[in-house]
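Order of the sequence lines sets the chain letters (A, B, ...), proteins ahead of strands, with each chain counted from 1.
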Amino acid sequence: MSRYSADEIEAKWQEAWDKAGIFRATRSADKPKYYVLEMFPYPSGRIHMGHVRNYTMGDVIARYKLSTGHNVLHPMGWDAFGMPAENAAMASGGHPKDWTYGNIATMKDQMKPLGLSIDWSREFATCDPEYYGQQQALFLDFLEQDLVYRKNAVVNWDPVDMTVLANEQVIDGKGWRSGAAVERRELTQWFFKISDMAGELLDALDGLENWPAKVRLMQENWIGKSRGLEFSFDRTDGEDPITVYTTRPDTLLGASFVGISPDHPIAKALEADNPELAAFVAECRKGGTTEEAIETGEKLGYDTGITVKHPLDPTWELPVWIANFILMDYGTGAIFACPAHDQRDLDFCRKYGLPVVDTFYDIDDPKPVENEAFVPPKTEKVKWINHFAGLDEATGQEAIDATIAYAEENGWGKGVTNYRLRDWGLSRQRYWGCPIPVVHCGDCGVVPEKKENLPIALPYDEGGKPIDFSIPGNPLDRHPTWRDCACPSCGKPATRETDTMDTFVDSSWYFARFTAPRAETPTVMEDAAYWMNVDQYIGGIEHAILHLLYSRFFARAMHICGHLPESAIEPFDALFTQGMVTHAIYQTPGANGRPVYHYPEDVELKDGKVVTKDGTEVEVIPSAKMSKSKNNVVDPVSIINAFGADTARWFVLSDSPPERDVEWTAAGAEAAFKHLSRVYRIASDIADSDTGPQADDNDLLREMHKTIHDVTGGVESFGFNAAIAKLYAFTNALAKSKAGAVAKKQAAKALAQLMAPMTPHLAEEVWSMLGGDGLVANAPWPVADEKMLIDDTVTLPVQVNGKRRAEISVPKDMDKAEVEKIALSVEAVQRALDGATPKKVIVVPGRIVNVVI
RNA sequence: GCGGGCGUGAUGGAAUGGUAGACAUACCAGACUUAAAAUCUGUUGGGCCUUGUGCCCGUGUGGGUUCGAGUCCCACCGCCCGCACCA
């Protein structure tokens with residue numbers, strides 16, 4: 001008897017699959033299509049366990065669908081543009097292009113041994129000019145359809161390095177390299193008009209039934225539809241009125257002040273001749289651009305000295321303040337503050353000594369607001385103190401509606417639907433991205449490049465020398481010749497746009513490109529119509545909002561430009577978000593108070609304690625995200641070398657539900673390997689022996705059919721860990737079974753088939769060992785015999801007042817009255833009743849009996 | 001700060017509102033072995049006693065709905081994800 005040798009088996013079957021070409025996707029009318037896609041990787045340099053988990057899940061689905069008679073498309077590519085390539089060039093020389101393609105080659109070599117059922121003939125990287133040239137064509141089409149425009153927007157500006165910083169390069173308000181305090185600065189940038197589609201993107205969420213509810217909810221909140229009132233405050237100095245937007249117009253009588261954004265035109269106008277105010281606004285512009293930084297930062301205000309009249313009472317004057325928490329991008333950039341019913345406004349008013357006016361009270365506990373704003377749900381009835389629309393007791397929502405109606409009737413305001421969703425700024429002042437294909441001409445202005453000039457390719461050198469990435473700023477901007485071009489419109493000398501596109505653009509249509517990856521146009525209609533939509537999309541929850549929302553926008557925009565059929569405007573039919581792979585961190589206290597991190601292989605278990613080689617006790621932090629800096633990364637390559645790909649695949653599927661994080665443990669990986677070795681051993685024993693005691697055939701086959709049923713259900717519902725638990729149980733049953741050789745062979749073949757999506761190499765080996773026909777990858781998925789799933793008798797727990805007191809065994813379809821009689825006759829039940837008469841007996845057929853006394 | 005999620009034995013986890021802890025790890029005990037490894041078998045949520053088809057407690061904490069709650073509702077605590085230039 002031979003031993004399980006993953007090395008030999010895996011190489012052998014990968015070659016067999018290649019030779020048979022079974023993973024190559026081709027259009028055909030005779031089978032239903034199935035498109036399964038995992039979010040493509042960023043080529044960081046090495047694959048990690050998260051990749052293994054993500055792609056194994058997709059592979060399980062792909063292989064399962066292949067064996068249920070589908071024409072499967074399962075492609076792979078590389079999300080290859082982005083900052084790390086430039087950072088690497090900055091840190092250690094070299095070129096982003098070389099670094100990226102080198103990483104892709106390495107990672108592909110690392111992925112291949114996993115035995116994924118990928119159609120590699122469709123592979124591409126987003127930094128291939130063939131890909132980003134088509135992306136430039138899309139941009140030009142979007143421009144023509146008025147889906148892109150230019151406007152000013154703020155960026156993080158490092159005043160020392162004189163460069164734009166990404167949010168992650170701003171640490172505590174300071175530039176990551178220079179350490180200088182970051183400022184917010186305006187630049188003219190390109191925007192996709194995603195906000196025009198806000199309502200549509202919101203409404204269409206309802207149709208995404210196979211998306212996790214939490215993702216739909218997150219998108220809904222992100223789009224942030226609100227109904228509010230837009231109206232103006234007249235200025236007492238007679239200047240133009242200040243228009244505000246509010247979602248709580250019902251609290252207008254609780255107004256304390258009018259607040260404007262530091263970027264509001266009024267603030268900008270005042271800056272010119274008020275140095276103190278200018279200094280305040282400059283202070284407001286310090287720090288990063290993230291919403292988090294703005295929301296958590298100290299709330300600052302400045303009294304402009306301007307006053308306005310309350311729209312309901314011309315004698316009531318309100319001061320106008322500049323406040324740093326008011327965003328110019330949302331609403332009109334101006335608000336009125338009602339401190340009694342908004343905690344942020346209240347804190348602000350207490351800080352600056354502004355009045356607090358109550359407008360409604362809790363019905364049961366009417367009392368004025370002190371230091372805690374009264375903010376009940378809008379659906380809760382409250383007691384109005386004095387409402388201009390004549391309300392006494394009403395919910396917030398009723399009051400809002402009444403107020404809008406009142407304002408519209410009286411002509412001083414109008415109901416407005418607003419969205420929190422902002423337009424998508426796509427300009428990046430960086431080298432390693434897709435160049436934006438427009439030209440700036442002194443005479444013609446901004447001119448789109450001609451499609452025949454695409455791709456506008458990135459330059460590799462500058463003036464014959466390698467580009468120097470150690471200088472801060474955009475190399476395209478300072479390149480000696482790359483900018484120079486002829487105006488596509490008038491032919492005069494002009495300059496290219498030097499901004500490149502946000503990498504989210506690259507990932508917003510790659511799924512469509514996979515349907516025709518070598519085409520001379522972004523997509524080919526017949527291919528897109530055949531393969532789209534993605535039937536199952538799999539990726540991390542961290543992409544719940546931006547990537548997925550941008551992709552939904554892009555699919556719509558591509559449809560408008562004729563690059564996708566209307567049926568593909570929601571590109572992902574089903575979405576699954578998987579958890580991370582985590583690993584314990586082993587740390588000991590270091591000399592400077594900072595922890596010292598130890599590699600898993602450098603610690604050992606001794607007398608129930610984890611210690612380093614020299615015996616120091618180690619603190620174990622479980623379930624931490626794998627991170628190179630914490631030394632808790634497990635390299636899939638070493639796992640594959642030690643145990644084989646099937647073990648790695650089996651483990652990442654087995655130990656946790658797929659949507660949750662899974663903790664990598666060495667013990668778990670070893671256990672997976674042991675189990676696969678056991679399956680191999682059991683199967684080869686069965687293959688070798690064709691005689692043996694004959695009994696219990698039916699028990700084993702019954703078990704087999706139950707396992708087929710449960711595993712099929714598990715695979716279809718992403719219950720991989722539960723499916724694997726059933727496979728463990730079935731393996732145990734098979735090992736102990738006294739059934740005859742024929743039945744055992746049948747059961748072992750079923751086991752091979754059921755394991756095939758998860759451990760495809762071992763499954764092929766077992767299948768062929770047992771004389772299976774052809775490749776197990778091609779074999780039709782087994783179908784459970786319904787008749788074998790039903791037991792004739794069922795065991796019912798009997799509860800007394802919800803506590804389990806006994807168990808009865810009854811025929812599965814015995815009627816309720818009979819079950820009740822038997823349950824009550826059980827001695828343990830009688831003892832629990834202790835003479836009491838049952839008030840009620842609940843019999844749930846096939847489930848439970850509950851006697852209530 | 002705002003939005004979303006998660007929390008069950010020593011550990012990973014299972015459980016259409018219906019027997020909490022399936023399956024696995026770890027530990028312990030046994031078989032095989034000169035020994036070890038490998039393999040096989042068995043035990044294991046906590047407590048109590050009268051050792052039973054026994055009783056009590058038990059799914060982050062505190063309340064609630066229900067004949068019945070890990071599951072549904074409310075509040076709190078802790079951790080994780082996202083916050084528009086990380087991918």
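Within 3.5 Å, a donor on the side chain of A:Glu292 pairs with an acceptor on the base of B:C83, or the reverse. Not a single donor-acceptor pair, N or O on each side, falls under 3.5 Å between the base of B:U53 and the side chain of A:Arg831. A donor N or O paired with an acceptor N or O is not found under 3.5 Å between the base of B:C85 and the side-chain atoms of A:Asn167. Counting distance only, with no hydrogens placed and no angle test, the side-chain atoms of A:Glu807 and the base atoms of B:U19 include a donor-acceptor pair under 3.5 Å. Evaluation of atom-type donor-acceptor distances gives a pair under 3.5 Å for the side chain of A:Gln429 against the base of B:C85. The base of B:C80 lies outside donor-acceptor range of the side chain of A:Glu542, with no N or O pair under 3.5 Å.
In this structure, the nucleotide among B:G1, B:G5, B:A38 sitting nearest to the side chain of A:Lys674 is B:A38. Residue A:Gln799 has its side chain nearest to B:U19 when only B:A84, B:U19, B:G3 are considered. Distances from the side chain of A:Arg805 to the nucleotides B:C55, B:A84, B:C23 place B:C55 closest. Of the candidate nucleotides B:U25, B:C85, B:A14, B:C85 has the atom nearest to the side chain of A:Val155. Picking from B:G13, B:G18, B:A87 the nucleotide with the shortest atom distance to the side chain of A:Asn721 gives B:G13. The A:Arg660 side chain lies nearest to B:G13 when the options are B:G13, B:G18, B:A84.
Residue-level contact check: A:Val798 touches neither bases nor backbone, having no heavy atom under 4.0 Å from any strand. Among the heavy atoms of the strands lying under 4.0 Å from A:Asn850 is at least one base atom, whether or not backbone atoms are also near. Residue A:Ala828 is out of contact with every strand shown, counting any heavy-atom pair closer than 4.0 Å. If you check every strand for non-hydrogen atoms under 4.0 Å, A:Leu421 touches a base. When heavy atoms are screened at a 4.0 angstrom cut-off, A:Lys803 is found touching the sugar-phosphate backbone but no base atom. Across all strands shown, A:Gly579 has no heavy atoms under 4.0 Å from either base or sugar-phosphate atoms.
Evaluated for a ring-ring contact (aromatic ring centres under 6.0 Å, His included) with A:Trp509, the options A:Tyr131, A:Tyr132, A:Tyr550 yield exactly one hit, A:Tyr131.
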For side chain to side chain contact (heavy atoms under 4.5 Å, CB included), just list the numbers for A:Ile808 and A:Val819, CA-CA rounded to whole Å, side-chain angles, deciding distance to a tenth of an Å, and then say yes or no.
-> CA-CA 9 Å; A:Ile808 55 171; A:Val819 172; 4.2 Å; yes
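When both pairing distances are held under 3.5 Å, B:U53 makes no Watson-Crick or G-U pair with any nucleotide shown.
Using a 4.0 Å cut-off between charged nitrogen and carboxylate oxygen, A:Glu291 and A:Arg420 count as a salt-bridge pair.
If A:Leu546 and A:Gly802 are placed on RNA chain B by their nearest nucleotide, the residue sitting closer to the 5' end is A:Gly802.
For A:Phe348 and A:Phe325, the ring centers sit closer than 6.0 Å to each other.
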